[in-house]
Amino acid sequence: MNTKELIEIEDNYFINTFTRQPLVLDHGEGVKVTDIDGNEYIDMFAGIAVNALGHNHPKLVKAIQDQAEKLIHISSIYYNEPALIYAKKLVELTSFDRIFYANSGAEANEGAIKLAVKYTGKSEVISTVESFHGRTVMTLAATGHEHYHEPFKSILPKGFINVPYNDIEAIKEAITENTAAIIVEPIQGEGGVNVPDIGYLKEIEKICHEKDIVFIVDEVQTGFGRCGTLFAHELFDVKPDIMTMAKGIGGGVPMGGILATEKVASAFVPGDHGTTFGGGPLVCAAANAVLDTIEEDNLLDNVNEVGNYFIEELKKLDKEIISDVRGKGLMVGLELTKPGAEYVDKLREKGFLINCTADKVLRFVPPLIITKEDIDEFVKALDEIL
Ligand SMILES: *Cc1c(COP(=O)(O)O)cnc(C)c1O
């Protein structure tokens, strides 16, 4: 079937939830993906910051192949080695003590909020405007987009308060004696790659400490090296009580997780939470391969070096239409003075996949293995179309 015929199947048979790009992708290699017509693209989107190691990475593919031949799924009722090894490794690399495996970012955030509520016995959660925490009903309430809330207002849980991002006074005003948790992204992703002031997270940490409120960082997009440190909250020198993860964790296999301190984690007892698929051997084998490769191949160094270079090169573009360049590591946003959708199309036609978020922000979240040469090619194309 050709591209047109395949896309017609989507039109006729899928529930209509996505505005898709007219591309049927077939295979990938490194930072490149190829569609069914043989057109090649440099993938500056990486499946929304998921394909941390790019496409067809030999270590990741081998880990999945080897594990698939042994066990794919067994249920959380039994132990499996990849999940155990991974838990120990990740906990030792962070300031947290315990892990819970989930399957997606939204599910990780659901669990994190349940844990905070159980730990505090309280019922209010503060989150930020322009945040994104997921599409389940509770995470939708935490997500600070009125427009996403609108059709579901009647079923959204009470107790969720959205305050402006990077505004510590707004958080102080929103706190009540019923506040269970504050949840923030260390750098907002969907909201437009918004980097907060250096003291913002530190202030939140302090307030949470004083009032015994649970400090949750949503690192679903920023985690696993994306911003140049293993987790982005490290950039702001804070130790949250809970961190949620997904996207890059498994390099493309669907996986999520919650890390928590001993104190907060101890609030859950068997029966409080669970999952059928979470922490299965297949995804955990993939996650081990991703984490090992980040270390063995010094990918954090690459993220910092190439990321800084990328931002410098973007800043050199002298265009009236650019109103801001911002980001950390390989999570980069270029804000325009007008809607960005047409530039996504133009770049695709030139062989580059990107996305536009928050209407005017071109977002670049390429695989962590990307090189300066790839960046040069991309910036040249961007320069031409702008
Ligand atoms: C993508 C994202 C989510 C939701 O993750 P899903 O896996 O789509 O449920 C939550 N939080 C942040 C910060 C995200 O970027």
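Indexing begins at 1, ligand by ligand and atom by atom, following the structure's order.
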**Student:** Can I get a per-line list of side-chain donor-acceptor pairs under 3.5 Å for residues 379-386, giving both atom names and the distance, sequence neighbours left out?
**Tutor:**
residue	atom	partner	partner atom	Å
Asp383	OD1	Lys319	NZ	2.8
Glu384	OE1	Lys350	NZ	2.7

**Student:** Does ligand 1 have any N/O atom under 3.5 Å from a protein N/O, and what are those pairs and their distances?
**Tutor:**
residue	atom	partner	partner atom	Å
ligand 1	7 (O)	Gly105	N	2.8
ligand 1	9 (O)	Gly105	N	3.4
ligand 1	9 (O)	Ala106	N	2.8
ligand 1	11 (N)	Phe132	O	3.0
ligand 1	11 (N)	Asp218	OD1	3.3
ligand 1	11 (N)	Asp218	OD2	2.7
ligand 1	15 (O)	Gln221	NE2	2.8
ligand 1	15 (O)	Lys247	NZ	2.7

**Student:** Scan residues 36-54 for pairs that pass side-chain hydrogen bond (donor to acceptor under 3.5 Å, both in side chains), counting only residues two or more places apart or in two chains.
**Tutor:**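 Every pair satisfying side-chain hydrogen bond (donor to acceptor under 3.5 Å, both in side chains) with a residue in residues 36-54: Thr3-Asp37, Asp35-Asn39, Asp35-Tyr41, Asp43-His55.
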**Student:** In Å, rounded to the nearest 0.5 Å, how long is the span from NE2 of His233 to CG of Asp218?
**Tutor:**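 Rounded to the nearest 0.5 Å, the NE2-CG separation comes out at 12.5 Å.
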**Student:** Do Val361 and Arg326 touch side chain to side chain, with heavy atoms closer than 4.5 Å?
**Tutor:**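 In short, these two side chains touch, coming nearer than 4.5 Å.
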**Student:** Suppose the criterion is ring pair (Phe, Tyr, Trp, His ring centres under 6.0 Å): which pairs have a residue in residues 63-90, not counting sequence neighbours?
**Tutor:**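 Residue pairs passing ring pair (Phe, Tyr, Trp, His ring centres under 6.0 Å), neighbours aside: His73-Phe277.
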**Student:** Is the NZ or CZ atom of Arg135 positioned over Tyr148's six-membered ring, under 6.0 angstrom from the centre and within 45° of the axis?
**Tutor:**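 The answer is yes; both the distance and angle limits are met.
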